[in-house]
Each structure stands twice: as C-alpha cells, then as structure tokens.
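What follows is one structure encoded as structure tokens, with my remarks underneath.
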Amino acid sequence: MDPSFRDAVYQIVAAIPPGAVSSYGAVARQAGFPRHARFVGRLMSQLPKDTRLPWHRVLRGDGRIALAGTPAGEQQIQRLLDENVTVLGDRVPRQHFQQW
DNA sequence: ACTTCGGCATAAT
DNA sequence: GATTATGCCGAAG
C-alpha cells in the first residue's frame with residue numbers, strides 16, 4: 001500500500017471539524033482508496049494515546065460506534081458528548097455526519 | 001420501517 | 001491462515 005495513504009488519512013481525519021463526524025469508509029474514499037475502510041480502522045486502533053488526531057469523530061458507515069461496550073468505545077462516546085454531539089445508545093444520528 | 005444476523009469483499013500499521 | 005475500531009446486501013423477525 002502506498003505509504004502516502006496513511007498520511008492522507010491523518011490529514012483528512014484532522015480536518016473533521018468539532019461537532020461533525022465521518023466514517024471509516026468515507027475517509028478511505030477521500031484519501032483516494034475507496035475500499036480500504038478496514039485499513040482506516042486499523043490506523044485508528046494504532047494511534048498513540050497522546051495523539052492530537054480527532055479519531056473519535058470517525059464512526060461506522062451506519063453511524064454506530066466501533067467497539068461500543070469496550071473501554072475505548074466508551075471513551076469515544078464521552079469525547080463526542082463533550083463536543084456536543086448527540087449519541088443515542090451506540091449510534092450517532094446522520095444529522096451530525098459531515099456532508100460532501 | 002425498524003433491528004438483527006450471516007456471508008462476502010477488502011488489505012495488511 | 002486468522003484477525004480486524006468496515007461496508008454492503010439480502011433474509012428474517
């Protein structure tokens with residue numbers, strides 16, 4: 001895989017404004033690799049804990065929180081709530097999705 | 001019109 | 001080969 005893909009992903013995730021969310025698949029598409037949603041998820045899972053990247057604004061395509069029920073998922077939900085994003089159960093309404 | 005679930009496609013941090 | 005912080009689609013309740 002082109003290593004620039006990773007940097008493109010970081011750049012795109014960093015550009016998601018507070019209060020908005022996107023999805024792994026959408027980020028992959030915007031990075032120029034339409035079928036690499038899983039790879040984006042892998043990148044997110046391996047970010048250092050002190051990263052400045054807003055990884056919590058990246059959800060599944062249907063708005064569900066990845067890893068809901070695990071500590072990481074709970075922290076993601078908490079971060080979203082702190083930004084004034086509504087989270088119902090383990091999902092975020094489409095209203096918050098960044099539209100292109 | 002919901003929600004689940006199973007199966008398949010995808011690629012390698 | 002097995003395992004994913006995915007996505008899509010069809011079937012069933």
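Throughout, a chain's letter reflects where its sequence line sits, starting with A, and its residues are numbered from 1. Computed from a predicted model, the values in this text were never measured in an experiment.
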When the distance from [atom1] of [X] to [atom2] of [N] is rounded to whole Å, what number comes out?
X	N	atom1	atom2	answer
A:D62	B:dT4	CG	P	10 Å
A:R94	C:dG7	CZ	C1'	12 Å
A:M44	C:dT6	CE	P	12 Å
A:H36	C:dC8	NE2	C1'	17 Å
A:Q46	C:dA5	CD	C1'	11 Å
A:R64	B:dC5	CZ	C1'	11 Å
A:Y24	B:dA11	OH	P	19 Å
A:L88	B:dC2	CG	P	14 Å

note = Closest of B:dT10, C:dA5, B:dT13 to the A:R38 side chain is B:dT10
ask   = Which one, C:dA5, C:dT6, B:dT13, comes nearest to the side chain of A:A37?
value =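 In terms of side-chain proximity for A:A37, the closest of C:dA5, C:dT6, B:dT13 is C:dT6.
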task = Working to the nearest 0.5 Å, report the span between CD of A:Q76 and CD of A:E74.
result =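 Result: 10.0 Å between the selected atoms.
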Tell me the partner of [N], counting only Watson-Crick (N1-N3 plus N6-O4 or O6-N4) or G-U wobble (N1-O2 and O6-N3) with both under 3.5 Å; none if nothing fits.
N	answer
C:dA2	none
B:dT10	none
C:dA11	B:dT4

ask   = Which word best sums up how the rings of A:H36 and A:F5 line up, parallel for under 30°, tilted for 30 to 60°, or perpendicular for over 60°?
value =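 Answer is perpendicular, since the angle exceeds 60°.
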Would you tell me if any nitrogen or oxygen in the side chain of [X] comes within less than 4.0 Å of OP1 or OP2 on [N]?
X	N	result
A:S23	C:dG7	yes
A:R60	C:dT6	yes
A:R91	B:dT3	yes

ask   = Of all heavy-atom pairs between A:V9 and A:A31, which one has the smallest distance, and what is that distance?
value =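 Reported closest heavy-atom pair: CG2-CB, 4.2 Å.
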query = With distance as the sole criterion, do the side chain of A:R35 and the base of B:dT10 form a donor-acceptor contact below 3.5 Å?
reply = no
ask   = Strictly by modelled atom types, are A:H56 and A:Q78 linked by a side-chain donor-acceptor pair under 3.5 Å?
value =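 There is no such pair (donor and acceptor under 3.5 Å, judged by atom type) between the side chains of A:H56 and A:Q78.
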query = Looking for any heavy atom pair under 4.0 Å, which part of the strands does A:T70 touch: base, sugar-phosphate only, or nothing?
reply =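 Nothing, no heavy atom under 4.0 Å.
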Candidate list A:M44, A:R38, A:R29, test side chain to side chain contact (heavy atoms under 4.5 Å, CB included), partner A:Y24, passing option =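 Checked A:M44, A:R38, A:R29 against A:Y24; only one passes side chain to side chain contact (heavy atoms under 4.5 Å, CB included): A:M44.
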